[in-house]
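Reviewing the structure listed below.
Protein chains get the first letters and strands the later ones, always in sequence-line order, with residue 1 at the start of each.
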Amino acid sequence: MATDPYSVLGVKRDASPEDVRKAYRRLAKQWHPDLNPGNKDAESRFKAISVAYDLLNDPDKRARFDRGEIDASGAEQPQQRFYREYADAGPGGRRYASSAGFSDFEDLSGLFSDLFGQARGGRAGPRGRGGDVRYQLELDFLDAVNGASRRVTLPDGRSLDLTIPPGTADGETLRLRGQGVPGAGGRPAGDAYVEVAVKPHAMFDRQGNDILVELPVSLDEAVLGGKVEVPTISGPVSVTIPRGTSSGHTLRLRGRGVKGRGGTGDQLVRIKVVLPANVDSDLESFMKEWRARHPYDPRAGTRTR
Amino acid sequence: MTLSEREVVATVGGGITVRRLRAWIRDGWVRPGVDGGFDEIDVARVRLVCHLRQHLQVNDEAVPVVLSLMDQVYGLRRGLKTLARAVEAQPEEVRREVARALRDLGGD
């Protein structure tokens, strides 16, 4: 966009640097996108104002523009994502949004108490209480499923012992009563909300309170059966693989899942038969011999007639 | 993907220092996660505070006033959006009733 920077800022061509700054400030206050969350034009207006100011605020660039050496587009500005894009949408925007602007609406309709859940946070809490604050905490998979206690340092310098209950799931929010912003004039403090993000585990997959694991077994273990060690969320356990177990077969280890709300889950172990890295001549000749005498068709059920 | 204090200072640039960032956190202007990590919204907010102070010449006394009003506006916008979505999800006749009630009450 190459509009004349002087007209964008509304200044004369002989305007002093101070006039340019003043004009820029006045327009920036008016058009900054974060101060105009609902105005779609604000962003393009503000960008044009910024480009014009960049050019006219730099005496060298301004002189070159006046001599016609460079055009009004100026230097390409890095793409900037404004605060309003985050504050206005998505769960992350809830972090700073304050419900103080309609906390008294509760008297008007009970509907609004549900809305507080959407816009909790911010500095002033409802009814003079200190404000609620929201934090985010990333947890390892095992700490979340087994429960853990964590000493965390809040951004304001306070330390807090946080108890993560067993079975905490990704996206869950822990409420710490009275750990928010202290209330003014001796009023009670707000609450702190800690939103938990659980890191995925390389081996364990959680579905409700059940834990899914894929267990590689050798060819001989699959054929002959035997005891193998299986990782669970509370440590390895010994499991008997039945004789003749195929890939895809699932064993259920009752009560070895997550001890969460709504009971204890199971661990589901899905068997995966893994051949040796090298098929040696021993195995090959054995299989050839075996095949000749014991043909079988595992795909019999997959054919449509 | 969260950023550390130092990474935020390097990303935002423009005169912000670690010491200043910590003061803003202490005053509650910016609130990173409990593990000290900054999300994209925190970085955008740091950039906003920088802009308010440097270009718009909002002084440190007025910054919390501006932020508090902004947080309320964004909170109201979110609340209003949720309300609008809730109305939108209603059957046609309920939406018509709401629209009529809005017209009737609109003039106060």
Turns out that what part of B:Val58 lies under 4.5 Å from chain A's heavy atoms comes down to neither

Just how far is it from atom CZ of A:Arg25 to atom CD of B:Gln54, taken to the nearest 0.5 Å?
11.0 Å

Supply the atom-to-atom distance A:Ile49 CD1 to B:His55 NE2, rounded to the nearest 0.5 angstrom.
13.0 Å

Would the B:His51 and A:Phe82 ring centres measure less than 6.0 Å apart?
no

State whether the number of non-hydrogen atoms from other residues, nucleotides or ligands found under 6.0 Å of B:Glu61 atom CD is greater than 12.
no

Inspect the surroundings of NZ in B:Lys81 and state if more than 12 heavy atoms from other residues, nucleotides or ligands are less than 6.0 Å away.
yes

Step by step, would you call A:Tyr83 with B:Val49 a side-chain contact (heavy atoms from CB on, under 4.5 Å)?
CA-CA 10 Å; A:Tyr83 177 73; B:Val49 173; over 6 Å; no

Is the number of heavy atoms from other residues, nucleotides or ligands within 6.0 Å of CZ (A:Arg13) greater than 12?
yes

Point-to-point distance, once rounded to the nearest 0.5 Å, from OH of A:Tyr86 to CD of B:Glu40
4.0 Å

Residue selection (most heavy-atom pairs with chain B, distance under 4.5 Å) from A:Glu85, A:Arg21, A:Arg84:
A:Arg84

Closest approach of A:Ala97 to B:Gly75 (non-hydrogen atoms, all atoms of both residues):
CB-CA, 3.7 Å

Please confirm whether the backbone N or O of A:Ala87 pairs with a side-chain atom of B:Arg77, one donor and one acceptor, at under 3.5 Å?
no

Can you tell which of B:Asp42, B:Val73, B:Val66 has the highest number of heavy-atom pairs within less than 4.5 Å of chain A?
B:Asp42

Report yes if some heavy atom in the side chain of A:Arg81 is under 4.5 Å from a heavy atom in the side chain of B:Val43; otherwise report no.
no

Do A:Asp34 and B:Leu52 have side chains that approach each other closer than 4.5 Å (heavy atoms only, starting at C-beta)?
no

When you measure from the centre of the six-membered ring of A:Tyr96, is the NZ or CZ of B:Arg31 under 6.0 Å away and within 45° of the axis?
no

The reported gap from CD1 in B:Ile41 to CG in A:Asp88 (rounded to nearest 0.5 angstrom) is 10.0 Å

